[in-house]
Protein chains: 2
Amino acid sequence: MPKIKLDRIDRKILALLQQDGRMPNNEVAERVGLSPSPCLRRVKALEESGVITRHVALVDPAAVDLPVNVFVSVSLERQVEERIDAFEAAVMALPEVMECYLMTGDADYLLRVVVPDLASYERFLKEHLTRISGVANIRSSFALKQVRYRTALPLGHLVE
Amino acid sequence: MPKIKLDRIDRKILALLQQDGRMPNNEVAERVGLSPSPCLRRVKALEESGVITRHVALVDPAAVDLPVNVFVSVSLERQVEERIDAFEAAVMALPEVMECYLMTGDADYLLRVVVPDLASYERFLKEHLTRISGVANIRSSFALKQVRYRTALPLGHLVE
DNA sequence: GCTTGGGCAGCAGAAAATGCCAAAAATCAA
DNA sequence: TTGATTTTTGGCATTTTCTGCTGCCCAAGC
């Protein structure tokens with residue numbers, strides 16, 4: 001995917017679609033000050049070039065009984081390399097892991113895990129996380145409240 | 001919003017739309033084994049009841065020059081209450097804060113911040129985070145790699 | 001019998017895709 | 001610098017596909 005140059009209009013389009021992915025092209029065009037066809041061309045280009053990766057529906061976690069967020073710091077045994085790939089592959093197979101980052105600092109990985117309740121988390125720990133080979137240490141921190149959760153990246157840092 | 005009972009079909013619908021928010025109702029219907037009209041009724045009900053909160057386009061962070069994820073642990077001075085609200089309000093005003101959680105354990109808050117580079121993060125720290133009143137301690141951890149990032153909640157925990 | 005939920009059919013409105021033309025911007029050359 | 005060519009991008013109009021929506025009826029479960 002070639003690095004696309006994004007001008008002011010592209011960023012406006014992205015901002016709009018990040019906010020409402022179903023906004024009809026007509027409205028997008030109007031809001032960015034373009035006529036529908038060049039606007040549609042831009043949107044399609046943004047999709048095909050991978051700038052827009054996908055369109056999704058967001059679901060309320062509470063409504064599907066997944067109100068608990070747990071952040072898990074994982075340290076691996078010091079034999080890196082193969083362990084790394086194995087761990088990441090194992091993590092990718094766990095549906096309750098919403099996010100996973102390879103980190104600098106004390107722990108190797110930071111995960112965000114969603115579960116219905118503490119009991120479920122305990123089960124998740126015992127039956128899945130601790131069974132991944134190479135895991136040396138696990139530290140769990142629970143979120144009392146999700147103050148903010150956004151999927152829309154801030155785009156004001158390039159122009160406004 | 002009354003707590004909606006979600007049956008197997010509802011969960012299937014949610015799973016599909018979490019994956020592809022633009023899937024036409026016809027295809028959703030077919031995949032869940034329903035005819036279009038009752039399927040559409042369900043989708044609309046899920047939207048109106050708030051189970052589906054919104055539809056969004058996801059953007060590649062690298063493509064908009066925001067490749068750096070920083071996790072920030074923030075501790076507040078011990079006078080809670082008013083500080084809490086003030087801090088949360090301040091955080092909500094910072095566009096680079098993608099996520100913010102009130103935590104148990106050592107730190108009070110955990111933030112995920114996206115920035116173009118380390119210099120930008122330094123500016124973010126100096127000009128914004130440290131200026132929020134009541135902040136006692138800040139600890140930053142940098143992500144070397146985003147191993148996983150999903151917006152689709154796992155729904156298999158209720159039935160499959 | 002009543003309530004809930006699914007199916008069928010048809011409608012209508014909109015939205016997206018095309019093709020063509022015009023204008024502006026960038027490039028290059030003299 | 002200037003001018004011309006090339007490339008890019010916007011605009012208009014049309015067409016065609018679809019998608020969502022409505023109403024009604026029927027079946028199943030309570």
Side-chain angles (χ1 to χ4, degrees), chain A residues 1-60 63-65 151-152 155-156 158-160, chain B residues 1-60 63-65 151-152 155-156 158-160:
Chain A
M1 61 191 115
K3 66 193 72 175
I4 304 291
K5 274 287 173 195
L6 301 174
D7 62 16
R8 216 157 294 119
I9 295 180
D10 288 318
R11 286 190 290 273
K12 268 189 175 181
I13 291 174
L14 291 178
L16 289 172
L17 291 180
Q18 276 191 323
Q19 218 62 27
D20 177 5
R22 285 194 150 180
M23 184 178 295
N25 181 60
N26 273 332
E27 192 178 339
V28 177
E30 188 186 339
R31 293 235 220 161
V32 302
L34 233 53
S35 74
S37 45
C39 182
L40 183 61
R41 267 201 297 259
R42 281 171 180 265
V43 171
K44 283 189 65 178
L46 290 170
E47 286 168 352
E48 276 159 25
S49 66
V51 178
I52 294 177
T53 55
R54 57 200 316 210
H55 287 259
V56 300
L58 299 181
V59 168
D60 175 17
V64 292
D65 192 33
T151 56
L155 300 179
L158 295 172
V159 158
E160 187 53 47
Chain B
M1 62 191 112
K3 66 194 72 177
I4 304 291
K5 274 288 173 194
L6 301 174
D7 62 16
R8 217 157 295 120
I9 295 180
D10 287 318
R11 285 190 292 273
K12 268 190 175 180
I13 292 174
L14 290 177
L16 289 172
L17 292 179
Q18 276 191 323
Q19 218 64 26
D20 176 6
R22 285 191 150 182
M23 184 178 293
N25 181 60
N26 274 332
E27 191 178 340
V28 177
E30 188 186 339
R31 294 236 220 159
V32 303
L34 233 53
S35 74
S37 45
C39 182
L40 184 61
R41 269 200 295 261
R42 281 171 180 264
V43 172
K44 283 189 62 178
L46 290 170
E47 286 168 352
E48 277 160 24
S49 67
V51 177
I52 293 177
T53 55
R54 56 199 317 208
H55 287 258
V56 299
L58 299 182
V59 169
D60 175 18
V64 293
D65 191 33
T151 56
L155 300 179
L158 295 171
V159 157
E160 186 53 46

Out of [options], which has the shortest distance to the side chain of [X]?
{"X": "A:Leu34", "options": "C:dG7, D:dT19, D:dG11", "value": "D:dG11"}
{"X": "A:Ser37", "options": "D:dG20, D:dC12, D:dG10", "value": "D:dC12"}
{"X": "A:Asn26", "options": "D:dG11, C:dT18, C:dA15", "value": "C:dA15"}
{"X": "A:Leu40", "options": "D:dC21, C:dG7, C:dA16", "value": "C:dA16"}

>> Pick the closest DNA chain C nucleotide for B:Asp7 and for B:Arg22 by heavy atoms, then say which residue is nearer the 5' end.
In response: B:Asp7
Length of the line joining [X]:[atom1] and [N]:[atom2], which is rounded to integer Å:
{"X": "A:Leu17", "N": "C:dA15", "atom1": "CG", "atom2": "P", "answer": "14 Å"}
{"X": "A:Ile9", "N": "C:dA24", "atom1": "CD1", "atom2": "C1'", "answer": "13 Å"}
{"X": "A:Ile13", "N": "D:dG10", "atom1": "CD1", "atom2": "C1'", "answer": "12 Å"}
{"X": "A:Arg8", "N": "D:dG10", "atom1": "CZ", "atom2": "C1'", "answer": "16 Å"}
{"X": "A:Glu30", "N": "D:dC12", "atom1": "CD", "atom2": "P", "answer": "13 Å"}

>> Let's test your reading of the model: under 3.5 Å, does the base of C:dG5 pair with the side chain of B:Arg41 as donor and acceptor?
In response: no
For [Y], is there an ion pair with [X] - N to carboxylate O distance below 4.0 angstrom?
{"X": "B:Asp20", "Y": "A:Arg54", "value": "no"}
{"X": "B:Glu30", "Y": "B:Lys12", "value": "no"}
{"X": "A:Arg42", "Y": "A:Glu48", "value": "no"}

>> I need the A:Arg31 CZ to A:Ile13 CD1 distance, nearest 0.5 Å.
In response: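 Here the interatomic distance stands at 12.5 Å.
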> What does A:Arg42 touch in the nucleic acid at a heavy-atom separation under 4.0 angstrom: a base, only the sugar-phosphate, or nothing?
Replying inline: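 Since only primed, P, OP1 and OP2 atoms lie under 4.0 Å of A:Arg42, the category is sugar-phosphate.
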